[in-house]
Protein chains: 2
Amino acid sequence: MRWKEAADQYCSIARALGVLGDRWTLLIMREAFSGVRRFDDFRQHLGVARNVLTDRLQRLVDAGVLERRAYQDNPPRHEYRLTEAGRDLNGVLLALMGWGDRWLTDGSGPPMQVVHRGCDQPITPALVCPDCGEPLTTRNTQLLAGPGLPVQTAKEREAEVERIRAQHAQSEQPSNTEA
Amino acid sequence: MRWKEAADQYCSIARALGVLGDRWTLLIMREAFSGVRRFDDFRQHLGVARNVLTDRLQRLVDAGVLERRAYQDNPPRHEYRLTEAGRDLNGVLLALMGWGDRWLTDGSGPPMQVVHRGCDQPITPALVCPDCGEPLTTRNTQLLAGPGLPVQTAKEREAEVERIRAQHAQSEQPSNTEA
DNA sequence: AGGGTTAGTTGCAAAACGAGACTAAATCGC
DNA sequence: GCGATTTAGTCTCGTTTTGCAACTAACCCT
């Protein structure tokens, strides 16, 4: 995959990563969420090289995640603001933060905490079924082909899943009572 | 930032991205979630270079997200399996997929759909407050310093947030009724 | 013995990145 | 009025990281 092809894949994760999937982009978004709008502030907070920052901001603007707008005319100066699509990345960032809190802690607790206005105390955001409110896990969810997946592709994937499932039989044999 | 420093930052997003934040890693995890365990299957599904895949798998094992275990002895062959930390990335991947579904669609609908066993119909996972069940947005949540953040760092950040908030006053002036 | 399978390693060329110098246009201090 | 400063970049160059293809290793099948 030569990375332009990300958008062509029949997978929203791949598409999303085509926009967001490099070392800096999601950190840039984190800064944007914390209110940063200006080139030099992004640069200093992150320590990212100028040319790289230029490139990433441009991509994010192209992807419709940030908006470049003038905040003064003389001399012309621009700032980068979250669009609605950008604001909608909230969930991705919270999910990442939660995972980091749970698995990459140094023992002193989370560096930052989410507070829900109204409840007014630290929470750990939960990913739930919008219908019944139950938390979603690997075991109680399933990924099925949607309308955006061509039938041919769906069939090929189904066959591949079958082939791989067959491998699992082999691995489970060595006296493993484990799931 | 020279990328070893990710783990040292007082930010769980940065820490998480220190493990997951490159072009391939989250795609590798997507494959792992779909049941893939073997080197050559990862390689063929993703089209990633062998040496890069070797490196990424090793990092994921070091990070405790995947586990490398033998599935046969003669010749020795290994497979890569999700650990509990790996399985817990479910939320991150679902968040990414949801965002991609909403903002990077080609008009034909989502390629894949989440089905909650029990409800048995396609859902869009929701990120909610675990206490009251209300959906979390940028506007009804707040990030505050947690116990893992040194007081000195917290103070510095507070001052910086203040400086940046001052910039916003300038931007809002040009006859913008917008929030 | 020859070919196939699986999980890599190695070497080399191409692309991406990092650091710092440099530019442009206007304002600030004096 | 003049040099320093601010902001948002661009340019250059040396280092890293990738991608690709060839090769290795250890075993199986026929």
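By convention in this document, chain letters (A, B, ...) are assigned in the order of the sequence lines, proteins followed by strands, and residues within each chain are numbered from 1. Because the structure is predicted, anything quoted here is derived from the model rather than measured.
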Protein-nucleotides 1-3 of chain D N/O pairs under 3.5 Å:
none

- request: Send over the distance from B:Gln58 CD to C:dA7 P, rounded to a whole Å.
  value: 15 Å
field: Atom CD of B:Glu84 with >12 non-hydrogen neighbours under 6.0 angstrom
entry: no
- prompt: Are B:Arg23 and C:dA15 close enough that a side-chain N or O sits under 4.0 Å from OP1 or OP2?
  reply: no
Short side-chain N/O contact from B:Tyr80 to OP1 or OP2 of C:dG8, under 4.0 Å: yes
query: Of all the nucleotides listed (C:dA26, C:dA24, C:dA7), which has the minimum atom distance to the side chain of B:Arg77?
result: C:dA7
query: Atom CG of B:Leu53 to atom C1' of C:dT6: distance rounded to whole Å?
result: 13 Å
- request: Would you confirm whether B:Thr25, through its side chain, and B:Gly21, through its main-chain N or O, come within 3.5 Å as a donor-acceptor pair?
  value: no
task: Tell me which of A:Ala49 and A:Pro75 sits closer to the 5' end of DNA chain C, going by the nucleotide each one is nearest to.
output: A:Ala49
query: Starting at CZ of A:Arg50 and ending at P of C:dA24, how long is that distance when rounded to a whole Å?
result: 16 Å
Salt bridge (Lys or Arg N to Asp or Glu O under 4.0 Å) contacts touching residues 116-138 of chain B (sequence neighbours left out): none
query: Who else is in the cluster with B:Val161 when I, L, V, M, F, W and Y are joined by side-chain contacts under 4.5 Å?
result: none
message: Please list, in numerical order, the residues of residues 34-41 of chain A that have a heavy atom closer than 4.0 Å to any atom of DNA chain D.
response: A:Arg38, A:Phe39, A:Asp40
- request: Find the distance A:His78:NE2 to C:dA25:C1' and express it as a whole number of Å.
  value: 13 Å
4.5 Å side-chain heavy-atom contact, A:Asp55 and A:Arg59: yes
message: From CG of A:Asp55 over to P of C:dG18, roughly how many Å is that when rounded to an integer?
response: 11 Å
- prompt: Quick one: is B:Arg43 getting a side-chain N or O under 4.0 Å of the D:dC20 phosphate, OP1 or OP2?
  reply: no
message: Any side-chain to backbone donor/acceptor pair from B:Asn90 onto A:Arg139? Under 3.5 Å, distance only.
response: no
- request: Go through the steps to decide whether B:Arg163 and B:Glu160 satisfy the test salt bridge (charged side-chain N to carboxylate O under 4.0 Å, His left out), and finish with yes or no.
  value: CA-CA 5 Å; B:Arg163 187 180 71 76; B:Glu160 182 65 2; 2.7 Å; yes
- request: Name the residue closer to the 5' end of DNA chain C, choosing between A:Pro76 and B:Leu57 according to the nucleotide with the nearest heavy atom.
  value: B:Leu57
query: Can you tell me if the side-chain N/O atoms of A:Arg68 get under 4.0 Å from OP1 or OP2 in D:dG9?
result: yes
- request: Would you kindly give the CD-to-C1' distance between A:Gln170 and D:dC27, to the nearest whole Å?
  value: 13 Å
- line: B:Arg163 atom CZ is separated from D:dT7 atom C1', nearest whole Å, by 12 Å
message: In this structure, how many angstroms lie between the C1' atom of D:dA8 and the CD1 atom of A:Ile28, rounded?
response: 15 Å
field: Residues clustering with A:Val115 (ILVMFWY side chains joined when closer than 4.5 Å, directly or via others)
entry: B:Leu144
Nucleotide of D:dG19, C:dC17, C:dA7 approaching B:Val52 most closely (side-chain heavy atoms): D:dG19
- prompt: Quick one: does A:Thr83's side chain have a donor or acceptor within less than 3.5 Å of a partner on A:Gly64's backbone?
  reply: yes
message: Suppose we screen for side-chain hydrogen bond (donor to acceptor under 3.5 Å, both in side chains). Which residues come up paired with A:Glu79, at least two apart in sequence or across chains?
response: A:Arg81, B:Ser171
- prompt: According to a strict under-4.0 Å criterion, is A:Tyr71 in side-chain N/O contact with OP1 or OP2 of D:dA8?
  reply: yes
- prompt: Are OP1 or OP2 of C:dT9 and a side-chain N or O of B:Asn51 less than 4.0 angstrom apart?
  reply: no
message: Is the phosphate of D:dT10 approached by A:Thr54 (side-chain N or O, under 4.0 Å from OP1 or OP2)?
response: yes
task: Return no unless some side-chain N or O of A:Trp24 is found under 4.0 Å from OP1 or OP2 of C:dG18.
output: yes
